[in-house]
Amino acid sequence: MAVKITLPDGSIKDYERGVSALEVAESISPRLAKAAIAVRVEGVMQDLDTEIKEDSLLQIITVEQPEGLEILRHSAAHIMAEAVKRLYPEAKLAIGPAIENGFYYDFDVPDSFSPEDLGRIEDEMRRIIREDQAFSHWELDKETAIREFAAKGEEYKVELLQDMDDEKVSIYRQGDFIDLCRGPHLPSTGRLKAFKLLNVAGAYWRGDSSRPMLQRIYGTAFARQKDLDQYLQRLEEAARRDHRRLGKELDLFSLQDEGPGFPFLHPKGMVIWRALEDFWRQEHRRRGYQEIKTPIILSESLWRQSGHWDHYRENMYFTEIDNNTYAIKPMNCPGSVLLYRRRLQSYRDLPLRYCELGLVHRHELSGTLHGLMRVRCFHQDDAHIFMLPSQIQEEIEGVIEFIDYVYRDIFGLNYRVELSTKPENAMGPDEIWDVATEALRQAMEAKGMPYKINEGDGAFYGPKLDFHLEDCLGRTWQCGTIQLDFMFPERFDLTYVGEDGNEHRPVMIHRVIFGALERFIGILIEEFAGAFPAWLAPIQARIIPVGDRFLDYAKGVQNQLMADDHLRIDLDRRDEKVGYKIRHAQLEKIPYMLIVGEKEEAAGTVSVRHRQLGDLGSLSVEAFREALCQEVKSMSLAPDQDKLGKPMP
RNA sequence: GCCGGCGUAGCUCAAUCGGCAGAGCGACGCAUUCGUAAUGCGUAGGUUAGCGGUUCAAUUCCGCUCGCCGGCUCCA
């Protein structure tokens, strides 16, 4: 009896019924068989020793494919768990998946692992790899599995099993190590070539802070040592562009012990801030927003009415004034709403777009604070759009376009969008949530943009589209967000007078573009590795005189450059050699260095050096001024080499 | 908030087993007048995060507090 096997290239071959996937691979090429680690049968990932009993579409998986690498990492997690069980027999197993860039396994151990323990565990893993234990696989009915894992004291596995619906469960084993696992896995432990354990961390069982804290070991694995080395090197490079490190080195901002989570912006950081703010103001004016400012402290009664008191109190700071309780605002919306409500609004005035660079304070858990990325007070580039129900779609799409323009066109940032739906701790009936969620979904569909659903992560008053940006290590941070809200208008009894002369209920959008200015600057620092485009650079050019004799000329050049255009030019007056001053300007990542000496003074020029392009030759002061002005005005990410001259060969 | 690690000069880091707290960079001063990534010499700079304990003696060992780092949870 034969089975017909279809391969990815479309070819169909006959094999004996029960042939293993490995044998199929061998028949195709010995090389493929050697590289093979798993197989996809009719779209389902399986082990290589799977017997093929029916006609099927079959794809051999190697470590070269992303799916193969994931299997390799998952197997590495099992090997690590085996090593841990050998060294710490009392350890209880929780879960151990492959993740982006690696894997982890959670253990319940009486004493937590120290970083030194990782070395011992790695050694044990190498031993297991040398033993080349085969991964074997079988199915068991659930009740038997529960009994067996319970007998071994694996209470976490028992809990996982109890939550499963299937009658049969899948079990894997290598050596003496047995685990509940869907698979597939490598054929044997010897196939793991390059791995490293990275760090230990606490992690709640099932991500629930009321459940026990487990010990999680993170590691990574690659097909080749070369790839692993490359990855580790990338991590080191990423650490060098960490905004916390660059913020200190470039003197942009700091966090002081006296104000955990409350950042200080230094003069240079403030220049970047102002450049962003100017850009923000200009773009909002252009799009029909009106800027407002609402107070930081408002009465507790307002926050009761808005629902914050019931849904957000944990994150708020309170204070007392003349025996009355006030809250320090964690959001800007109630303030905006008060302004809307100050007078009768007509349908002719809608959509009404109020924007506000609002300073908000939130009590974030101390363990979550992270440089500028997560702080306890921050400036949201907030806006609240009050509109007719018929304007919802257009307004949402307008904001989506706005965000895309800022992220992609201006800063060249890649982003991901998530649609966050009704959370547990929400106000209002399901029907309204459904309508709002559907409106956001439709806007994304209309724009043809991909998005992910993030179940239960909406704001308490409405669903939202979240725009995520990545930091240097690939951790994502929510920046932009668009929230559609039917609840606040209701709670604050907002109305507008319609065409029919009757009062109607408006709908609200809450939205931010940057998100928080602090966080966005953190993202930008990492994105540009501190080498900001000229329009954002705290110092755009530094004049470097060759010697003290040329200080007067240098000063004149500085005056000429700074005369009208708000260019940020400084002068290195130090009595040092040129090489020394250039080195310092490079380390400060200043876009342009202007070297001036005898030649330049005689000709009325500057010798231009760019931080990345090097020596660009000399230009008249006026030509340089124009080129830099143009670069700043156009907010370019890179210099215009036609205007500045070509790098020297 | 939870688990673990860490905290020495402005910055980066040393200091053997518990035995006088040090270097480089930076800052300042003097000399040097220099052409595209570090000129030389000198000076100042410390409650070793804070508080308490053990000890003849604590940067070192112990406890508590604060802060930072990596995660978890949470969020812009």
Side-chain angles (χ1 to χ4, degrees), chain A residues 104 106 109 111-117 198-218 239 242 244-245 248-249 251 255-261 312 314-315 330-331 358 360 362-382 420 457 459 464 466-469 473 475 477-481 483 510 512-520 522-523 544-551 575-587 593-600 607-611 614-617 648:
Chain A
Y104 68 79
D106 287 347
V109 277
D111 299 305
S112 46
F113 299 118
S114 69
E116 295 78 55
D117 293 335
L198 298 172
N199 47 8
V200 205
Y204 296 111
W205 168 234
R206 300 196 136 179
D208 183 342
S209 55
S210 67
R211 307 293 303 270
M213 175 69 73
L214 307 173
Q215 295 291 313
R216 174 173 298 178
I217 303 177
Y218 283 95
D242 187 311
R244 292 166 299 184
R245 177 188 173 130
K248 193 185 277 181
E249 283 175 7
D251 198 21
L255 286 143
Q256 314 275 342
D257 287 357
E258 289 78 358
Y312 209 74
E314 299 297 303
N315 287 291
M331 297 187 193
V360 297
R362 297 183 184 175
H363 178 74
E364 301 292 346
L365 296 177
S366 59
T368 67
L369 302 179
H370 185 94
L372 286 183
M373 300 292 200
R374 175 173 276 96
V375 288
R376 283 180 171 155
C377 75
F378 51 98
H379 294 72
Q380 292 185 301
D381 61 324
D382 217 340
S420 296
D457 215 29
K464 51 186 191 155
D466 294 324
F467 293 71
H468 294 258
L469 295 171
L473 288 173
R475 292 178 288 214
W477 299 93
Q478 185 188 313
C479 292
T481 176
Q483 311 173 349
H510 311 234
V512 290
I513 308 287
F514 296 139
L517 232 35
E518 287 81 353
R519 178 177 287 182
F520 199 76
I523 294 276
I544 298 177
V546 165
D548 279 0
R549 278 189 292 140
F550 310 106
L551 267 175
D575 178 17
E576 295 287 352
K577 291 182 160 178
V578 177
Y580 176 89
K581 292 193 266 197
I582 285 178
R583 178 181 158 77
H584 278 260
Q586 285 287 151
L587 291 174
M593 286 150 269
L594 306 175
I595 291 90
V596 297
E598 196 162 357
K599 285 187 306 230
E600 291 76 13
S607 282
V608 182
R609 179 191 164 95
H610 184 267
R611 66 183 168 207
D615 193 345
L616 298 174
M648 303 299 251

- Note on the structure: Regarding the side chain of A:Val578, the nearest nucleotide among B:C75, B:G35, B:G67 is B:G35

- Pick base, sugar-phosphate or nothing for A:Ser607, based on heavy-atom distances below 4.0 Å to the nucleic acid. base

- Message: When you measure from the side chain of A:Asp381 to the backbone of A:Phe514, do you find a donor-acceptor pair of N or O atoms at a distance under 3.5 Å?
- Response: yes

- Message: Check whether A:Lys581 reaches the backbone of A:Pro545 with its side chain - one donor and one acceptor, N or O, closer than 3.5 Å.
- Response: yes

- Message: Using a distance-only criterion (donor-acceptor N/O pair, under 3.5 Å, no hydrogens), is the base of B:G35 paired with the side chain of A:Glu600?
- Response: yes

- Message: With a cut-off of less than 4.0 Å, is there a side-chain N or O of A:Lys464 near OP1 or OP2 of B:A76?
- Response: yes

- Residues in side chain to side chain contact (heavy atoms under 4.5 Å, CB included) contact with A:Ser209, at least two apart in sequence or another chain: A:Tyr204

- With respect to the phosphate group of B:G26, does any side-chain polar atom (N or O) of A:His584 fall under 4.0 Å of OP1 or OP2? yes

- Can you check whether A:Tyr312 has a side-chain N or O nearer than 4.0 Å to OP1 or OP2 of B:A76? no

- State which of B:G70, B:G35, B:A76 makes the closest approach to the side chain of A:His370. B:G70

- Query: Checking all strands, does A:Tyr204 fall into the base, sugar-phosphate, or nothing category for heavy-atom contacts under 4.0 angstrom?
  - Reply: base

- Query: Among B:A37, B:G35, B:C2, which nucleotide sits nearest the side chain of A:Arg583?
  - Reply: B:A37

- Task: Determine the contact category for A:Gly579: base if any of its heavy atoms lies under 4.0 Å from a base atom, sugar-phosphate if only primed atoms, P, OP1 or OP2 are that close, otherwise nothing.
- Result: sugar-phosphate

- Query: Got a donor-acceptor contact below 3.5 angstrom from the A:Glu518 side chain to the A:His379 backbone?
  - Reply: yes

- Side-chain N or O of A:Lys577 closer than 4.0 Å to phosphate OP1/OP2 of B:A37: no

- Query: For A:Arg244, which contact category applies under a 4.0 Å heavy-atom criterion: base, sugar-phosphate, or nothing?
  - Reply: sugar-phosphate

- Sugar-phosphate, base or nothing in reach of A:Val375, heavy atoms under 4.0 Å: base

- With a 4.0 Å cut-off on heavy atoms, is A:Gln380 in touch with a base, just the backbone sugar-phosphate, or nothing at all? sugar-phosphate

- Query: Between B:U36, B:C75, B:U39, which one does the side chain of A:Asp615 approach most closely?
  - Reply: B:U36

- Query: Looking for any heavy atom pair under 4.0 Å, which part of the strands does A:Arg216 touch: base, sugar-phosphate only, or nothing?
  - Reply: sugar-phosphate

- Item | Nearest listed nucleotide, side chain of A:Gln586, among B:A38, B:C74, B:A37 | B:A37

- Item | All stems with RNA chain B, defined as three or more consecutive Watson-Crick or G-U pairs under 3.5 Å | B:1-7 with B:66-72, B:10-13 with B:22-25, B:27-31 with B:39-43, B:49-53 with B:61-65

- Which listed nucleotide (B:A76, B:C2, B:C34) is nearest to the side chain of A:Arg549? B:C34

- Task: Identify, between A:Asp548 and A:Gln483, the residue whose nearest nucleotide on RNA chain B lies closer to the 5' end.
- Result: A:Asp548

- NA contact type, A:Asp457, heavy-atom cut-off 4.0 Å: base, sugar-phosphate, or nothing? sugar-phosphate

- If we require ring centres under 5.5 Å and near-parallel planes under 30°, does A:Trp477 stack on B:A76? no

- Task: Tell me what A:Met373 touches on the nucleic acid: a base, only sugar-phosphate, or nothing, going by heavy atoms under 4.0 Å.
- Result: base

- Between B:G70, B:G26, B:G35, which nucleotide has the shortest distance from any of its atoms to the side chain of A:Tyr580? B:G26

- Identify, between A:Gly259 and A:Gly207, the residue whose nearest nucleotide on RNA chain B lies closer to the 5' end. A:Gly259

- Query: With a non-hydrogen cut-off below 4.0 angstrom, is A:Ser112 in contact with a base, only sugar-phosphate, or nothing?
  - Reply: sugar-phosphate

- Message: With a cut-off of less than 4.0 Å, is there a side-chain N or O of A:Ser209 near OP1 or OP2 of B:C2?
- Response: no

- Return the nearest nucleotide to the side chain of A:Ile595; candidates are B:U36, B:C68, B:C75. B:U36

- Query: Do A:Trp477 and A:Ile523 come close enough that some side-chain heavy atom pair is under 4.5 Å?
  - Reply: yes

- Query: Which part of the nucleic acid does A:Phe514 contact within heavy-atom distance under 4.0 Å: base, sugar-phosphate only, or nothing?
  - Reply: nothing

- Note on the structure: Closest of B:C72, B:A76, B:G70 to the A:Ala203 side chain is B:C72

- Task: Under 4.0 Å between any heavy atoms, over every strand shown, what does A:Arg475 touch: base, sugar-phosphate, or nothing? Just pick one.
- Result: sugar-phosphate

- Indicate, with a heavy-atom threshold strictly under 4.0 Å, whether A:Glu598 touches base, sugar-phosphate, or nothing. base

